[in-house]
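I have placed the structure first, in the form of structure tokens, so that the comments after it can refer back to it.
The shown structure was predicted, so the numbers you read here are calculated from the model rather than taken from an experiment. Protein chains get the first letters and strands the later ones, always in sequence-line order, with residue 1 at the start of each.
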Amino acid sequence: MSKKKLPSRTEDFNDWYNTVVIRADLADYGPARGTMIVKPYGWTLWENMQQALDRRFKDTGHVNAGFPMFIPKSFIDREASHVEGFSPELAVVTIGGGKQLEEPLVVRPTSETIIGYAYSKWIKSYRDLPVLINLWNSVVRWELRTKLFLRTLEFWWQEGHTAHATYEQAQEETLQMLEVYIDFARNEAAIPPFFGRKSNSEKFPGADVTYSIEAMMGDKKALQAGTSHNLGQNFAKAFDIQYLDPNNEMQYCWTTSWGLSTRFIGAMIMTHGDDQGLIMPPRLAPHQAVLIPIYKDEDQKATVMDSVASVSAELIEQGIRVKVDDREGFTPGHKFNYWELRGVPVRIEIGPKDVANQSVALARRDVLGREGKSIVPQESVTSAVNDLLIDIQHSLLERATNFRDSNTSEPRDYAHFKEIVADGFAFAWWCGGETCETAIKNETKATSRCIPDSGLEDEDGKCIYCGEMSTDKVYFARSY
RNA sequence: CGGGGUGUAGCGCAGUUGGUAGCGCACCGCGUUUGGGACGCGGGGGUCCGCGGUUCGAGUCCGCGCACCCCGACCA
């Protein structure tokens, strides 16, 4: 099918990424610059992510809804920092049905404004609160430099939008959804993110506070993989979202929003992949196991395919997502490479030897070669595969955690800081001043990623840049 | 938007002095193969990015566009 080796991950990470996304059939380029076609294999992965997230959203009391893609341009202009943040990257529709429009329509870059419009109509009383709605949709931001999954003109995501009676409730929601993202990342995607508050300059346009999860990619750059915002009363005031409290007094709502996008697929690729291709975390993998029949002639084929059929039926029965690769005209070796490229966690080989011995051969994707192979009795194949999937899921998380921690360090001084961020994350004291933040960015290309709530109240240190007393410790890294 | 690069078959490329558009992979057919990317034979597939110019003749020379990719300023 495809050619030989991928570009080396260590020699050219960028080339490796671009090639693996295409070759593994996750996505393709769209005809318009910067657009992405998500292919069925990539979309299935996204569907699995959606299910894992949606379950968590429902468990925390949220419901889904659909909102318009077109937003009156004036809506965007109502919240000052929101306008400022999004104006440069808006796609604006000025003609509809062949006629110039009275008022241009913006293709939603995010839905805070139109949510504000709706919530102001819906919310009258404290009894209407909280409102907990999530949207699954796509949004458009006119980016200059694009890259499949990481930054495209259109991307798919979910955006949660909630309204509350008090600041405390909004803050609780904001942190709860941050926790949901952390849990999803760790336990579904096997990605151990750092998490915390964004600096002023990095926060969402219109938010009081932004929290994010930040993952370390295989090239030791950071990727913001999910965000949760406490919007304070900014949008409530801009869109007049008010309610009568129990004392019959008008109050502005407190709102939040939170989102996680197809960008997260990029995070999985760049966290787990190796020079053979993708490595899918078992819990989200489109195919958790691929079954490859091996035979030399028609007689062997008949008996081998019998075993294949019964093994696959048993696995499916147990809820394991299994794919049988019974394509003619490809050698087993070819299929091994084909499915390794696509990151299927477990490979099951069934050949004449296995039929004779009532066994199957298992190979785990995260441990290549002989070391990752084992022979198990056919009768225990289901539990063996199940155990293996669980083990792979754990190993991926452990491997990623070790990688993250061994490439994160605390700088002694600014010179040391520069060394660290050239090839990793630095966890450093920062005075909170934008001047220092900008200077660091200009001098090292590293930006502040997030400020964990690390319980450092009793402790303080000196800003890594200016030496002033500081109360916050911040992760700095080059980022996507 | 600045810098660099590339546009020739689905992908990767070659194309000499301007003279019949080619190679590898992929694809289709047949046969032999099949436990780590098989092989043979036969086939299909082209607006040579576009427009204009020079010429008997342009993939090739000249001009003007356009697109995409990579690197820098902004972002999930």
Side-chain angles (χ1 to χ4, degrees), chain A residues 1-6 12 14-15 17-19 22-23 28-35 84-90 109-110 138-159 181 198 201-205 210 212-215 222-229 257-267 276-277 292-298 300-301 304 325-341 347-357 359-361 363 368-370 372-373 375 441-442 445 447 479-480:
Chain A
M1 186 118 228
S2 56
K3 310 90 255 187
K4 294 284 127 94
K5 292 221 170 302
L6 290 168
D12 192 340
N14 192 52
D15 191 19
Y17 178 84
N18 289 329
T19 309
I22 298 293
R23 290 255 299 266
D28 203 351
Y29 295 99
R33 180 197 69 86
T35 60
E84 198 190 329
F86 281 109
S87 291
E89 41 183 320
L90 293 179
T110 178
S138 71
V139 288
V140 168
R141 299 178 188 177
W142 215 260
E143 301 290 349
L144 298 178
R145 255 188 86 195
T146 61
K147 189 165 176 168
L148 292 177
F149 289 117
L150 299 187
R151 196 181 299 102
T152 49
L153 297 203
E154 180 187 16
F155 58 92
W156 290 266
W157 74 347
Q158 57 71 215
E159 42 176 326
Y181 290 153
K198 282 293 204 181
S201 66
E202 296 276 337
K203 78 181 182 193
F204 176 77
T210 289
S212 72
I213 59 173
E214 302 280 335
L223 183 76
Q224 179 173 307
T227 50
S228 185
H229 317 290
S257 68
W258 27 275
L260 186 148
S261 76
T262 42
R263 168 181 255 208
F264 199 96
I265 293 174
Q276 285 299 308
I292 297 178
I294 298 162
Y295 49 80
K296 290 196 203 306
D297 53 44
E298 287 300 312
Q300 287 186 352
K301 181 180 175 185
V304 164
D325 188 352
D326 56 2
R327 290 176 299 169
E328 305 276 355
F330 293 96
T331 62
H334 179 92
K335 293 176 180 178
F336 296 172
N337 286 282
Y338 180 94
W339 292 109
E340 274 170 6
L341 173 63
R347 180 177 73 238
I348 307 168
E349 306 168 20
I350 300 183
K353 284 185 236 164
D354 300 298
V355 172
N357 300 332
S359 64
V360 303
L368 291 171
R370 183 160 302 222
K373 281 203 183 190
I375 308 285
K441 182 175 176 179
N442 291 339
K445 290 180 185 165
T447 51
S479 76
Y480 280 96

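- Under a cutoff of 6.0 Å and an axis angle of 45°, A/Arg347 and A/Phe336 form a cation-pi pair.
- Nucleotides B/C74 and B/G5, compared at atom P, are 25 Å apart to the nearest Å.
- We find that OH of A/Tyr480 is positioned 14 Å from C1' of B/C71, with the value rounded to whole Å.
- Using a 4.5 Å heavy-atom threshold, the side chains of A/Thr110 and A/Arg141 count as touching.
- Between B/C23 and B/G45, the distance separating the two C1' atoms is 15 Å to the nearest Å.
- If you check every strand for non-hydrogen atoms under 4.0 Å, A/Asp354 touches a base.
- Along RNA chain B, the nucleotide closest to A/Tyr295 and the one closest to A/Phe86 are compared, and the more 5′ of them pairs with A/Tyr295.
- Side-chain proximity of A/Phe330 to the nucleotides B/C70, B/C27, B/U34 is greatest for B/C27.
- In the set B/C71, B/G72, B/G36, B/G72 carries the atom at the smallest distance from any side-chain atom of A/Lys445.
- A gap of 29 Å separates the C1' atoms of B/G22 and B/G65, to the nearest Å.
- B/A38 atom C1' lies 15 Å from atom CZ of A/Arg327, rounded to whole Å.
- Between A/Leu260 atom CG and B/C75 atom P there is a gap of 19 Å when expressed in whole angstrom units.
- With a cut-off of 3.5 Å on both Watson-Crick or G-U wobble distances, the partner of B/C1 is given as B/G72.
- At B/A38, one or more side-chain N or O atoms of A/Thr331 fall inside 4.0 Å of OP1 or OP2 (strictly under the cut-off).
- Comparing B/U8 with B/C48, their P atoms sit 11 Å apart, to the nearest whole Å.
- A/Gln224 comes within 4.0 angstrom of sugar-phosphate atoms only, judged by non-hydrogen atoms across all strands, and of no base.
- Contact annotation: the side chain of A/Tyr338 never approaches that of A/Phe330 to less than 4.5 Å [non-hydrogen atoms, C-beta and beyond].
- A/Asn442 has no side-chain polar atom (N or O) that falls below the 4.0 Å cut-off from OP1 or OP2 of B/A73.
- Residue-level contact check: A/Thr152 touches the bases, meaning some heavy atom is under 4.0 Å from a base atom.
- A/Val360 has its side chain out of reach of A/Ile375: every pair of non-hydrogen atoms, C-beta onward, lies at least 4.5 Å apart.
- Electrostatic pairing of A/Glu349 and A/Lys335 does not count as a salt bridge here, judged by no charged N lying under 4.0 Å from a carboxylate O.
- The separation of B/U16 from B/C61, taken at their C1' atoms, amounts to 15 Å, rounded to a whole angstrom.
- In the set B/C75, B/A38, B/G36, B/C75 carries the atom at the smallest distance from any side-chain atom of A/Glu143.
- Both A/His229 and A/Val355 lie close to RNA chain B; mapped to their nearest nucleotides by heavy-atom distance, the more 5′-ward contact belongs to A/Val355.
- The environment of CH2 in A/Trp156 is crowded: more than 12 heavy-atom neighbours from other residues, nucleotides or ligands sit within 6.0 Å.
- Rounded to the nearest Å, the gap between the P atom of B/G24 and that of B/C70 is 30 Å.
- Within 4.0 Å of A/Gly351, counting heavy atoms only, lies at least one base atom of the nucleic acid.
- Contact annotation for A/Lys353: base contact, defined as any heavy-atom pair under 4.0 Å involving a base atom.
- In this structure, the NE2 atom of A/His334 is 15 Å from the C1' atom of B/U33, given to the nearest Å.
- The phosphate of B/C69 (OP1 or OP2) has no side-chain N or O of A/Asn14 nearer than 4.0 angstrom.
- B/A38 and B/U32 make up a base pair, with Watson-Crick or G-U wobble contacts both under 3.5 Å.
- Rounded to an integer number of Å, the gap from CD1 of A/Ile294 to P of B/U34 is 12 Å.
- With hydrogens and angles ignored, a donor-acceptor pair under 3.5 angstrom links the side chain of A/Arg347 to the base of B/G36.
- Taking a pair to require two hydrogen-bonding distances under 3.5 Å in either a Watson-Crick or a G-U wobble arrangement, B/G50 pairs with B/C64.
- Here the separation of B/A9 from B/A14, taken at their C1' atoms, is 14 Å to the nearest Å.
- Taking atom P in both B/C75 and B/G7, the straight-line distance is 35 Å, to the nearest Å.
- Remark: B/G57 base-pairs with no nucleotide; criterion is Watson-Crick or G-U wobble with both hydrogen-bond distances under 3.5 Å.
- A/Leu223 comes within 4.0 angstrom of no nucleic acid atom, judged by non-hydrogen atoms across all strands.
- Heavy atoms of A/Lys441 sit under 4.0 angstrom from primed sugar atoms or phosphate atoms, though from no base atom.
- Nearest to the side-chain atoms of A/Pro332 among the listed nucleotides B/G35, B/G36, B/C75 stands B/G35.
- Between the side chain of A/Arg141 and the base of B/C75 there is no donor-acceptor pair of N/O atoms closer than 3.5 Å.
- In this structure, CG of A/Leu150 is placed 15 Å from C1' of B/C70, rounded to the nearest angstrom.
- Separating the CD atom in A/Gln276 from the CG atom in A/Leu341 is a distance of 8.5 Å, to the nearest 0.5 Å.
- In this structure, A/Asp297 places its CG atom 13 Å from P of B/G35, rounding to the nearest Å.
- When both distances must be under 3.5 Å, the Watson-Crick or G-U wobble mate of B/U20 does not exist.
- Between A/Tyr29 and A/Ile22, some side-chain heavy-atom pair lies under the 4.5 Å cut-off.
- What separates CG of A/Asn18 from P of B/C11 is a distance of 16 Å, to the nearest Å.
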